Each structure stands twice: as C-alpha cells, then as structure tokens.
S.K.: 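After the structure tokens below, expect a handful of questions from me.
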Amino acid sequence: MVNTKHDAGGYDRSCYKREIYDGNTLYEAYLRAKRGSDWKPQVQAFGMFYLLELAHIERELKDRSYEFRPTNEFILRERGKIRVIRGEQIHDRVAKHTLCDNALMPDIEKYLIYDSGASITGKGITFTRNRLLAHLRRYYARNGTNEGYILLIDFSKYYDNIRHDKLKKLLKQYTKDDDAVWLMEKTIDTAKVDVSYMSDEEYERCEETLFNSLKYQEIDKNLLTGEKFMAKHLNIGDQLAQIAGIAYTIPIDNYVKIVKGVKYYARYMDDSYVIHESKEFLEELLKEINIIAASIGITINLKKTRICKLSDYWRFLQIQYSLTDTGRVIRKINPKRLTNMRRKMKKIASRLTEDEFTNFFQAWFRGHYKYMSKLQRKNIEELFEKLRREECTQSHSQTEPKSKTSERTAITT
C-alpha cells in the first residue's frame, strides 16, 4: 500500500494553486479566521451552520456578487499609542483569509527581502531583533571596530497614507489571478474615507497631504454626507492591510538592498534601519529613500528618523542597543515598557484568577527577560509574587464564602 503521508505529494509541495472560492480553501480559511475568537456568539452561530455559510460564500465569490458586511469601530490604546481599529464579521474574515493566505501572500512573499520580518510565517518581531543583533556582530567582525553609524527610519501615519491606486498597481504586478485581483480591489475600496467636509481645493490635494485617522474621528459626523471620498488609508485590523504594509515598501527595500548593495538593512513594517561606516553615505541614502517614498505617497517622520553612532545608545523596536569597542552588543528594555507593565499588573491582578495572572505574566516575562538587568528582573518578579499572593488570593477568598452560603441555602431548602 502507498503511504500517502510520505509518498504522495501534497498541495503545499506542488505547483498547483487552488481558487479563492475552492471549498477546501474556504474551510481552511474558516479554521484560521475563528482561531482565538470562537468564544464570540457571532462566530459560534456561524459554526453551527458553517457548511451552509461556506457554500454561500463560495457561490458569491465565484459569481463575484460578494458584499462586505458592516464593521465595528473602536479605539485601542497600546504602548501609549491610540489606534482606530475596525472589527469585521466572521464572513468577511473568512473571505479575506482565503484571499490573503492562498493568493496574495504566496505571490508576494518571493519578492520580499529576507530581512523583512513582519506578517510572515516563521518570522516576527523576535526575528527582526535577532537580525539586528547578527548585523551588528557581522559589522564588528568585518570592520574590527564599533566606529560606524545606523540610520533609523520611521514613516508618519503609515497605514493612513497608503494610496489605493499605487497599492492596486503594485499588487497587480505580482498577482495574476483575476478572481483574487477582483476581491483585492473590492477590499481596498472599502477602506476609502468620506471627506465630504473638505472644500474643493482641499479635496484636490488630499492625496498629497498627510492624513491622520485620529483627528478624523473628531470631525462632526453630520458633515460626512458621502459626496466626496479619498482613495487613501487602510484599516488596522484588516488582514489585507498587514500584507500591504510589507509589500508597499518593496521599491525601497529593493533599492537599498540591490541598487545600493547595503547588507546591513532590515525592516519591520514601517520601522527600518541601515548600518554603514559612513555618515555621509547614510545622509545621501536618506534623501534617495525620501524621493522613493514621496513617489508612492508616504512620508518619512523626521522627528523619529535619525542617524546615530553605533557606540551610543539608540532604540529600535522598543529595545535600546549599543555596540561596544570589544564587539559586545548591549541590549536594554525601554524603561517605559516596565512602568506600563507594572501598572497593568496592578490593575488586572484582582480581576484574574491565580493561574490566569501567572500565565499573563509569564508570557510577557519570557519575551523580555533577556533585555532586563538583574535588578529589574528581581523587582518585577517580587511585584508579581506580591500581587499573586494578595490580590489573586483575595479575590478567591471573597468569592468562596458566597458559594458556601449558596450551598447551605440549597441544602436547607
């Protein structure tokens, strides 16, 4: 008998590509879409009749009659930043999973540089931090000194200023599936912004000016009449926005890596760095990157973009780095992250059980302990033990008498 597990070639190892409306593709997209949110009533209702729901989505995608459902908008405050998030219904998440996971990402991933670490399976923020560590060590091994510079680049309101026409043109270069292109364009069009409050002069140059979605929330909703729309901006929380975030800067990545031949360069979404021994080279490179960025509609944040000495302390992805004259790389956590974590622990300790609070702390601590000093580790572990004993135990002791009283009442009755 044939061992189908080892002898038969699978879909992942073949050149065959399924349509976005294929039944198996939609089922796999459904499993990924409900991951982490299967406790929600909406997702559970979808799961009760998932075969019927998937059949509806398959038919609508096949005849191109699919329409996106209303979204839920809310404000998320994370690490001192305020973001506008738009939550989607399970039907739309399934459709976008099958689009992104089976059409867009396989076509785009082979054009990304290796040092692009965001939104790629097997990579992430830890991968990018390790690449920076490797680049610093290779730089020292090659030059034998820590005399050099690093260019740290950041873009202003990156997702808010991705132009739809530029993005569609870019993605069409890599994706040839007509059905995927149709759904991709339809998804991008749903992110257009109602700017009916603008005058005719403002509307003519709105795509060239910097857009801020937070300030947009302050505008009177009565002025948004649907007369004028700006084809710029992507919704954070949309899976297509994550793919667009890594694909939109492909021209910049290729220019730095291929045209300029820079080896020590990496990107994590809108944050990137370039390491070189010449400060003049980095200054000229920044001007050239600025020209390419302006051509696709994004703006470099001059307040956060800077050139630092490798021997000084500088910050990338919330971690402080410094390259010593012996080749050692010093890494320190941002003190603000510790302060925010201590405040969060004090706030939620009484709301969680002991196991939940322990899992919450351990998940954070395992990802950050290597960047903390011995004193910082000791202090935050002492706070954890104190809160675990006093707050979590106290919450159990308050609920326990209630349960005993209810049991006695039940027995008496």
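These numbers come from a predicted model, not from an experiment.
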S.K.: Is there a donor-acceptor pair closer than 3.5 Å between any side-chain N or O of Thr71 and the backbone N or O of Arg86?
M.R.: no
S.K.: Apply side chain to side chain contact (heavy atoms under 4.5 Å, CB included) to Ile153 and Tyr273, showing your working.
M.R.: CA-CA 6 Å; Ile153 305 174; Tyr273 67 84; over 6 Å; no
S.K.: Are side-chain N/O atoms of Asn143 and Thr145 paired as donor and acceptor at under 3.5 Å?
M.R.: no
S.K.: Check this for me: does any side-chain nitrogen of one of Glu381 and Lys378 sit under 4.0 Å from a carboxylate oxygen of the other?
M.R.: no
S.K.: Which is it for Lys228 and Asp200 under the salt bridge (charged side-chain N to carboxylate O under 4.0 Å, His left out) test, yes or no, and what are the steps along the way?
M.R.: CA-CA 10 Å; Lys228 302 174 184 176; Asp200 293 338; 2.9 Å; yes
S.K.: With heavy-atom distances below 4.5 Å as the criterion, would you say the side chains of Asn379 and Leu383 are in contact?
M.R.: no
S.K.: Any heavy-atom pair between the side chains of Leu317 and Tyr268 that's under 4.5 Å?
M.R.: yes
S.K.: Extract all donor-acceptor atom pairs below 3.5 Å that involve side chains of residues 38-49 and protein atoms in other chains or at least two apart in sequence.
M.R.:
unit_1	atom_1	unit_2	atom_2	d
Trp39	NE1	Gly36	O	3.3
Gln42	OE1	Ile90	N	2.8
Gln44	NE2	Asp38	O	3.3
Gln44	NE2	Trp39	O	3.4

S.K.: Dump the intermediate steps for side chain to side chain contact (heavy atoms under 4.5 Å, CB included) on Tyr27 and Tyr50, then the final yes or no.
M.R.: CA-CA 9 Å; Tyr27 177 69; Tyr50 73 93; 3.6 Å; yes
S.K.: Taking the side chain as C-beta and beyond, is there a heavy-atom pair between Met372 and Leu338 under 4.5 Å?
M.R.: yes
S.K.: Who pairs with Asn212 by side-chain hydrogen bond (donor to acceptor under 3.5 Å, both in side chains), at least two apart in sequence or on another chain?
M.R.: none
S.K.: Using a strict threshold of under 4.0 Å (side-chain N to carboxylate O), is an ion pair present between Arg64 and Asp179?
M.R.: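 Salt bridge present between Asp179 and Arg64.
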S.K.: The test is side chain to side chain contact (heavy atoms under 4.5 Å, CB included); show your working for Cys206 and Met198 and say whether it passes.
M.R.: CA-CA 9 Å; Cys206 65; Met198 289 186 176; 3.8 Å; yes
S.K.: Can you name the nearest heavy-atom pair linking Ser322 to Trp314, along with the distance?
M.R.: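 The answer is CA-NE1, 4.5 Å.
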S.K.: What's the shortest heavy-atom distance between Ala103 and Ala180, and which atoms?
M.R.: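 Nearest heavy atoms, Ala103 then Ala180: CB-CB, 3.6 Å.
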S.K.: If every non-hydrogen atom of Glu385 is compared with every non-hydrogen atom of Arg388, which pair is closest and at what distance?
M.R.: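 Shortest heavy-atom contact: OE1-NH2, 2.6 Å.
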S.K.: Go through it in stages, so that I can follow the logic: the residues are Asp189 and Lys168, the test is side chain to side chain contact (heavy atoms under 4.5 Å, CB included), and I'd like the CA-CA distance, side-chain angles, deciding distance and then a yes or no.
M.R.: CA-CA 10 Å; Asp189 290 338; Lys168 291 178 182 178; 2.7 Å; yes
S.K.: Please collect all salt bridge (Lys or Arg N to Asp or Glu O under 4.0 Å) contacts where either partner lies in residues 229-242, sequence neighbours excluded, each pair once.
M.R.: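 Salt bridge (Lys or Arg N to Asp or Glu O under 4.0 Å) check on residues 229-242 returns Lys96-Asp238.
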S.K.: Donor-acceptor pairs under 3.5 Å, side chain of residues 357-366 to any protein atom, not counting sequence neighbours: which ones?
M.R.:
unit_1	atom_1	unit_2	atom_2	d
Thr358	OG1	Glu354	O	2.8
Asn359	ND2	Asp355	O	3.2

S.K.: With a 6.0 Å cut-off on ring centres, are Tyr321 and Tyr313 close enough?
M.R.: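 Not under 6.0 Å, so no.
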S.K.: Just checking, is any N or O donor in the side chain of Ser37 or Arg93 under 3.5 Å from an acceptor N or O on the other one?
M.R.: yes
S.K.: Do Tyr197 and Asn222 get their side chains close enough for a donor-acceptor pair, meaning under 3.5 Å?
M.R.: no
S.K.: Determine whether Asn334 and Ile319 make a side-chain contact, defined as any pair of heavy atoms from C-beta on separated by less than 4.5 Å.
M.R.: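 Sidechains of Ile319 and Asn334: no contact.
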S.K.: Using every non-hydrogen atom in the two residues, find where His164 and Ala191 come nearest and quote the distance to one decimal.
M.R.: CE1-C, 3.8 Å
S.K.: Quick one about Ser311 and Asn146 (side-chain donor to acceptor, distance below 3.5 Å, no hydrogens or angles considered), yes or no?
M.R.: no
S.K.: Go through Tyr114 and Phe127 one step at a time and tell me if the ring-ring contact (aromatic ring centres under 6.0 Å, His included) criterion holds.
M.R.: CA-CA 11 Å; Tyr114 176 75; Phe127 169 84; 5.4 Å; yes
S.K.: Would you say Asp160's side chain and Ser213's backbone share a donor-acceptor pair under 3.5 angstrom?
M.R.: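 Yes; at least one donor-acceptor contact below 3.5 Å.
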S.K.: Would you name the heavy atoms of Tyr159 and Ala241 that are closest together and state the gap between them?
M.R.: CE2-O, 3.2 Å
S.K.: Can a side-chain donor-acceptor contact be found between Tyr216 and His233 if the only test is distance below 3.5 angstrom?
M.R.: no
S.K.: For the residue pair Tyr248 and Gly297, what are the closest heavy atoms and their distance?
M.R.: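 Smallest interatomic distance, heavy atoms only, reads OH-N, 4.5 Å.
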S.K.: Determine whether the aromatic ring centres of residues Tyr174 and Tyr111 are separated by less than 6.0 angstrom.
M.R.: yes
S.K.: Give a yes or no on whether the backbone of Pro70 and the side-chain of Gln89 come within a donor-acceptor separation of less than 3.5 Å.
M.R.: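 Judged by distance alone, yes, a pair lies under 3.5 Å.
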S.K.: May I ask you to say whether Lys186 pairs ionically with Glu67, meaning some side-chain N is under 4.0 Å from a carboxylate O?
M.R.: yes
S.K.: If a pair satisfies salt bridge (Lys or Arg N to Asp or Glu O under 4.0 Å) and one of its residues is in residues 274-284, list it, with sequence neighbours excluded.
M.R.: none
S.K.: So that I can tick it off, tell me whether Glu19 and Lys62 are bridged by a salt bridge, with the cut-off set at under 4.0 angstrom between side-chain N and carboxylate O.
M.R.: no
S.K.: Run the salt-bridge test on Asp271 and Arg315 with the 4.0 Å N-O cut-off and return the result as yes or no.
M.R.: no
S.K.: So Gln242 and Met269, do their side chains get closer than 4.5 Å, heavy atoms only?
M.R.: yes
S.K.: Taking Tyr139 for the side chain and Tyr264 for the main chain, is one N or O donor matched with an acceptor at less than 3.5 Å?
M.R.: no
S.K.: Within the 4.5 Å heavy-atom criterion, are Asp22 and Leu26 side-chain neighbours or not?
M.R.: no
S.K.: Strictly by salt bridge (Lys or Arg N to Asp or Glu O under 4.0 Å), give each pair with a member in residues 244-260 just once, sequence neighbours left out.
M.R.: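 Pairs touching residues 244-260 that pass the test: Asp115-Lys257, Asp253-Arg267, Lys260-Glu288.
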S.K.: Can you tell if the side chain of Asp101 reaches within under 4.5 Å of the side chain of Gln239, non-hydrogen atoms only?
M.R.: yes
S.K.: Can you tell if the side chain of Met184 reaches within under 4.5 Å of the side chain of Thr175, non-hydrogen atoms only?
M.R.: no
